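To start, the structure under review is shown below, and the notes come after it.
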Amino acid sequence: MKLFKVLLALAALLFVVWGAFALFGLLAGLVGALVKWLVVLGVIALAGVGAYKLLSGTDEAVLPELTPAEAEMLKAERMLAEIRQKQLTK
């Protein structure tokens with residue numbers, strides 16, 4: 001009877017380990033599938049954002065307000081560009 005109990009305990013342990021591996025495989029498969037679908041949906045979302053930005057265009061007529069320092073810097077950059085252009089054409 002003692003041998004029977006030991007064999008029964010070993011069989012139960014074997015089935016528990018087997019079940020644990022099956023559960024681990026099931027969870028790994030689910031996580032893998034979720035990651036795959038997250039990647040697929042991410043690529044679709046990136047394509048959608050890219051298409052939206054491409055098709056929406058920009059409003060070039062709307063310029064942001066410039067501070068006086070930024071306006072002065074822009075004026076100086078334009079003046080330098082004109083001087084360079086004049087020097088290159090000589």
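Quantities reported herein were computed from a predicted structural model and do not represent experimental measurements.
- For the atom pair Lys36 NZ and Leu41 CG, the distance stands at 11.0 Å (nearest 0.5 Å).
- Within the 3.5 Å criterion, the main-chain N or O of Thr67 finds a donor-acceptor partner in the side chain of Glu70.
- Connectivity analysis of hydrophobic side chains (ILVMFWY, heavy atoms under 4.5 Å, direct or indirect) links Leu66 to Leu74.
- In this structure, CD in Glu77 is found 11.0 Å from CD in Glu72, a value given to the nearest 0.5 Å.
- Once rounded to the nearest 0.5 Å, the distance linking CD1 of Ile44 with CH2 of Trp37 reads 8.0 Å.
- Taking CG from Leu88 and CD1 from Ile83, the interatomic distance works out to 12.0 Å, rounded to the nearest 0.5 Å.
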